[in-house]
Amino acid sequence: MSELAATPHADSALIPVAALASVLAAAAAGWVALGGRMSGMDMGPGGDPGALGWFAVTWAVMTAAMMLPASAPAVVRLVRGWHGRPTSAALLFLAGYGVVWMVAGLAGYAAVQAIRGLHAGVLGWPAAGRYVAAAAIIAAGLYQLTAVKRRWLARCTAPELPLARHRTVDAVTAGVKHGGCCVACCWTLMAALYALGMMSLSWTAVVTVLIVGERVLRPPVVIARGVAAVLIVLGIALALAPGSVPGLTIPPMPGSAMTGMRG
């Protein structure tokens, strides 16, 4: 964060601008780091998430790249009304936010590894694998149309933030709450990304655009419906003609599990 935001004599009007620039710069740095980690790793739908340590670092970088742009408005709102140490408040907010996403990522990692441990041949790409992937993407699209999605999206676009008179530590709680909203709002989109290729930079960028779009564009409900249409069409195309899906890497190993790698 810019030191300007922490200087008591700085023009308060510049604090939100500095916060926005810092968050977007951190997201850009995340994309650079993500490009390095994902280079040559695209295995198509599913994919081996790797060792736990490697996954945890990659997930943290991915969260920064994908979710910081969507959460930048919340950070700006936080620091705009915060007096004293807005930089510290923003960092604590993002720390709480990141912890929630890390927990969600580790839970997803455990679920994927449990499925991989089954060595179920029926989940191989030549068998039911492509239909399982397509179903996950279509389900993500249908979730976009539910009342649950609308409620969580509304809370994400207008988060409850602590007032300036609160203790700075309350920023952590706000970050945790906002992170919980984001996970509840976006977990199906992240599942769709795994179904398309979690190590694909192009699909990661597409899903990021969808997430950011429904957060910052108005009205969010209409944008969410547009995202639903994109996902449903994409899922149908994956089921019927996967070779027609741009940028999709078909898992090359026959007999592999849904992950696209041998167990």
Reported [atom1]-to-[atom2] distance for the pair [X] and [Y], which is rounded to 0.5 angstrom:
X: Leu34; Y: Thr204; atom1: CG; atom2: OG1; answer: 6.0 Å
X: Thr157; Y: Leu217; atom1: OG1; atom2: CG; answer: 11.5 Å
X: Arg150; Y: Arg155; atom1: CZ; atom2: CZ; answer: 16.0 Å
X: Arg215; Y: Cys186; atom1: CZ; atom2: SG; answer: 4.5 Å

Path from [X] to [Y] over hydrophobic side-chain contacts below 4.5 Å:
X: Val216; Y: Leu20; answer: no
X: Ile250; Y: Leu201; answer: yes
X: Leu196; Y: Met38; answer: yes
X: Val112; Y: Leu189; answer: yes
X: Met41; Y: Trp31; answer: yes

Q: Evaluate side-chain contact (heavy atoms from CB on, under 4.5 Å) for Val172 paired with Phe93, printing each intermediate quantity in order.
A: CA-CA 5 Å; Val172 177; Phe93 175 87; over 6 Å; no
Ignoring hydrogens, what is the shortest heavy-atom contact between [X] and [Y]? Give both atom names and the distance.
X: Ala195; Y: Ile137; result: CB-CG1, 3.9 Å
X: Ser200; Y: Trp203; result: OG-N, 3.2 Å
X: Ala140; Y: Ala192; result: CB-CB, 4.0 Å
X: Asp42; Y: Gly197; result: OD1-CA, 4.5 Å
X: Ala224; Y: Gln144; result: O-NE2, 3.3 Å
X: Ala89; Y: Leu78; result: O-CD2, 3.6 Å

Q | Heavy-atom check, side chain of Pro45 versus side chain of Leu248, under 4.5 Å | A |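 With C-beta onward as the side chain, the pair touches.
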Q. Considering residues at least two apart in sequence or located in another chain, which fulfil the side-chain hydrogen bond (donor to acceptor under 3.5 Å, both in side chains) criterion with Tyr131?
A.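 Testing Tyr131 for side-chain hydrogen bond (donor to acceptor under 3.5 Å, both in side chains), a comparison that skips the adjacent residues, returns none.
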Ignoring hydrogens and angles, write down the donor-acceptor pairs under 3.5 Å from the side chains of residues 58-74, residues two or more places apart or on other chains.
residue	atom	partner	partner atom	Å
Thr58	OG1	Arg37	NE	2.8
Thr58	OG1	Arg37	NH2	3.2
Thr58	OG1	Trp54	O	2.9
Trp59	NE1	Trp101	O	2.7
Thr63	OG1	Trp59	O	2.8
Ser71	OG	Met67	O	3.3
Ser71	OG	Tyr97	OH	2.8

Q: Determine which pairs satisfy salt bridge (Lys or Arg N to Asp or Glu O under 4.0 Å) with at least one residue from residues 131-149, sequence neighbours left out, and list them in order.
A: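 Qualifying pairs: Lys149-Glu214.
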Extract all donor-acceptor atom pairs below 3.5 Å that involve side chains of residues 228-243 and protein atoms in other chains or at least two apart in sequence.
none

Q) Would Phe55 and Met198 count as a side-chain contact (heavy atoms from CB on, under 4.5 Å) if you check the C-alpha gap in whole Å, the side-chain angles of each, and the deciding distance to 0.1 Å? A) CA-CA 11 Å; Phe55 171 82; Met198 186 175 177; 3.6 Å; yes
Q: Identify, with sequence neighbours excluded, every residue that meets side-chain contact (heavy atoms from CB on, under 4.5 Å) alongside Val148.
A: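 side-chain contact (heavy atoms from CB on, under 4.5 Å) list for Val148, sorted by chain: Tyr143, Thr146, Arg151, Trp152.
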Q) Can you tell me if Tyr109 uses its side chain to pair, donor with acceptor, with the backbone of Leu52 under 3.5 Å? A)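 Side chain of Tyr109 to backbone of Leu52: a pair is present.
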Q. Rest of the hydrophobic cluster containing Leu153 (Ile/Leu/Val/Met/Phe/Trp/Tyr, side-chain heavy atoms under 4.5 Å)?
A.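 Taking Ile, Leu, Val, Met, Phe, Trp and Tyr as members, Leu153 stands alone, with no cluster partners.
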